[in-house]
Engineer: 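Following this message is one structure expressed as structure tokens.
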Amino acid sequence: MTVRVRFAPSPTGHLHIGGARTAIYNWAFARNLGGTFVLRIEDTDPERSTQENTDAIVRAMEFLGLDYDEGPGVGGDYGPYFQTQRFDRYAEGLEELKASGHAYPCFCSAEELAAKRDTGRAKGGFAGYDRTCRSVDAENAAARVAAGEPHVWRLKVPEDRGDIVFDDAVRGETVFSADSVDDFVLARTDGSPTYNFAVVMDDADMLITHVIRGDDHLSNTPKQMLVFEALDLPVPTFAHLSMIWGADGKRLSKRHGATSVEAYRDLGYLPEAIMNYLALLGWSLDGETTIIDAETLKANFSLDRISKNAAIFDVEKLEWMNGVYIRELSAEQFLVRMVPWLEAAGLTTVEEAEARSEWLLRLAPLVSERIKRMDEIVPMVAFLFRDVTPSEAAVAKTLAKDGARAALVAASAALADVDWDAASIEAVLREVPAQLELKPKVVFQAIRVAVTGELVSPPIFESLELLGRETTLARLADAGALCGE
RNA sequence: GGCCCGUUCGUCUAGCGGUUAGGACACCGCCCUCUCAAGGCGGAGAUCACGGGUUCGAAUCCCGUACGGGCUACCA
């Protein structure tokens, strides 16, 4: 039997880091076994669900390279893939449960229920529904329903049902005693299905074989199993993933900074790095591997190596990993990803970038070697695109020092008619410190600040080559005004 | 309150009865060096939450306790 899994986010926000990890695990599991990966949108909460969020989730999935076989935009044989388009199915399912005697109407008011809950809890135990309306006889119940009395439909948990046991693929055998599950609501007063009912209908209709989801659903599992059983449908295998926390051990939230995949993209993180980091946050190949590409992940992923304990999201490690992936890019690959950042900063246009691709290709490796996030590109290369003004602090540390003026003068002279390539530039500039009896660092830092405006920049000889002789000499001359003496 | 889940260096993890408890990030030195990175070498860092068992032997198995988390809605 072929495996079918689903990722089922609510479009109440963008794709969250935790959701992304759940999606990755589902995807990797399906791909590993040649199964089917379904994307289903759980949009039954009209207050908070938006089309914009659905689009954002789909975009984030694409960004990460999580291709799905069925779902919004791609269709499939078991759709529709939006819960709001499946209400007729939920109604059919409910009719089935009514007919088979697994569902009964409950006329208790919200106030009554709250009171029962409180007393149940006060007595120190079960706080679920007390099953009052179970004892309303069928005829009477039918009459009240027909008369239009407000009611919900509840699941009738079988009297003789023993412990509810399932073998969670992550946590192992998990047991809930039957009396800890109450006759929960399947359909609300307005007829709409509750989550625990809709999910079962969907998973059943979509022939889902493995439900891989956050462990906030662990306690929902026995309820859902009872619905599968009432419907006389096979119960899928469950795998519950522990949560991802912020650095303080609390639920990951805005307080911790970026929480959505798109936010990390905008911060300059590569999809490969996000995928790799998340994949290993709660799953391991062998305990040694820290860099793993999508292909290797797909080839080796298994549920039994998912860890049971919650993990803290460590941005520092993600950042390191992002740097690894950036350095792995070829000049051509880096160029493609760099241009949008230059463009967004107004340093160049797509047309200009194309016209100067050979020049940008030389710049690419100088930058990719020394950044961890793509957003670091702009401040590092801005001096190549526009005029610079060194900060006072930079001037104080370099140009204002003894010998700086002489260094700039000597550099200008040396560069006046040398061949304009990094090697030649280096050859003549290397002689300057000795000539002036200055430390190399003093000379090169003075040139760096004069030309780039910064204390930190790409290697100086290559930088000059890329800048061009004319601009270089002009900036060296201008910087004379900033020197001491 | 009830039910359920979790607990190995600061962080992510390996370990599935016998290991000097391994790796990665972060951290600290040294080397390289025109800055910053990268890289190389080395270092520090875990009484495996705690307490009982079982066993010749337990981070690994069992039972408690503590702490953390989830569910307990006509939210998902």
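Letters go in sequence order (proteins before strands), and every chain restarts at 1.
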Engineer: On the nucleotide B:C36, are OP1 or OP2 found under 4.0 Å from the side-chain N or O atoms that A:R448 carries?
Structural biologist: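 Checking A:R448 against B:C36: no side-chain N or O falls below 4.0 Å of OP1 or OP2.
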Engineer: Give none if B:A26 has no partner; otherwise give the nucleotide forming a Watson-Crick or G-U wobble pair with it, both distances under 3.5 Å.
Structural biologist: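 Because no pair has both required distances under 3.5 Å, B:A26 counts as unpaired.
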Engineer: Could you tell me whether A:N220 contacts a base, only the sugar-phosphate backbone, or nothing, with contacts defined as non-hydrogen atoms closer than 4.0 Å?
Structural biologist: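 A:N220: base contact, heavy atoms under 4.0 Å.
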Engineer: Does A:R430 place a side-chain N or O at less than 4.0 Å from the phosphate oxygens OP1/OP2 of B:C34?
Structural biologist: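 Answer yes for this pair, as a side-chain N or O of A:R430 is under 4.0 Å from OP1 or OP2.
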Engineer: May I ask you to verify whether the side chain of A:S219 and the base of B:G70 hold a donor-acceptor pair under 3.5 Å?
Structural biologist: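 Checked by distance alone, the answer is yes.
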Engineer: Would you say a side-chain N or O of A:R117 is under 4.0 Å from OP1 or OP2 of B:A73?
Structural biologist: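 Checking A:R117 against B:A73: at least one side-chain N or O falls below 4.0 Å of OP1 or OP2.
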Engineer: Using a 4.0 Å heavy-atom cut-off, does A:R305 contact any base of the nucleic acid, only the sugar-phosphate backbone, or nothing at all?
Structural biologist: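 Sugar-phosphate contact only - A:R305 comes under 4.0 Å of backbone atoms but never of a base.
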Engineer: Paired with B:C3: which nucleotide, if any, by Watson-Crick or G-U wobble criteria at under 3.5 Å for both distances?
Structural biologist: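 Looking at the geometry, B:C3 pairs with B:G70.
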Engineer: Which one is paired to B:G64, where only Watson-Crick or G-U wobble pairs with both distances under 3.5 angstrom count?
Structural biologist: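 Answer to the pairing question: B:C50, which forms a Watson-Crick or G-U pair with B:G64.
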Engineer: Do the side chain of A:T189 and the base of B:C74 come within less than 3.5 angstrom through a donor-acceptor pair of N or O atoms?
Structural biologist: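 Side chain to base: pair present.
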Engineer: If you look at every strand shown and take non-hydrogen atoms under 4.0 Å, does A:G323 touch a base, only sugar-phosphate, or nothing?
Structural biologist: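 The answer is nothing, as A:G323 stays clear of every strand by at least 4.0 Å.
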Engineer: Phosphate oxygens OP1/OP2 of B:G68: is one of them under 4.0 Å from a side-chain N or O of A:N309?
Structural biologist: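 Checking B:G68 against A:N309, no side-chain N or O comes under 4.0 Å of OP1 or OP2.
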Engineer: Using purine N1 to pyrimidine N3 plus N6-O4 or O6-N4 for Watson-Crick, or N1-O2 and O6-N3 for G-U wobble, both under 3.5 Å, which nucleotide pairs with B:U55?
Structural biologist: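 Looking at the geometry, B:U55 pairs with no nucleotide.
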Engineer: One thing to verify: whether A:E229 and A:R161 come together as a salt bridge, which I'm taking to mean a side-chain N less than 4.0 angstrom from a carboxylate O.
Structural biologist: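 Looking at A:R161 and A:E229, the cut-off is met.
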Engineer: Looking only at heavy atoms, which two atoms of A:A394 and A:G453 are closest? And how far apart?
Structural biologist: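 The pair with the smallest heavy-atom distance is CB-O, 4.5 Å.
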Engineer: Report yes if a donor N or O on one partner sits less than 3.5 Å from an acceptor N or O on the other, where the partners are the side chain of A:K317 and the base of B:A24; otherwise report no.
Structural biologist: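 In this structure, the two groups form a donor-acceptor pair.
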Engineer: Report yes if at least one side-chain N or O of A:K250 is closer than 4.0 Å to OP1 or OP2 of B:G68; otherwise report no.
Structural biologist: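 Answer is no, no contact under 4.0 Å.
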Engineer: Only pairs at least two apart or in different chains count here, so list each salt bridge (charged side-chain N to carboxylate O under 4.0 Å, His left out) that has a residue in residues 301-319 of chain A.
Structural biologist: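 Every salt bridge (charged side-chain N to carboxylate O under 4.0 Å, His left out) pair that includes a residue of residues 301-319 of chain A, provided the two are not neighbours, is A:E319-A:R373.
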Engineer: Holding to salt bridge (charged side-chain N to carboxylate O under 4.0 Å, His left out), I want the full list of residues that pass it with A:R430, two or more places apart in sequence or in another chain.
Structural biologist: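 Per chain and number, A:R430 pairs via salt bridge (charged side-chain N to carboxylate O under 4.0 Å, His left out) with A:E426.
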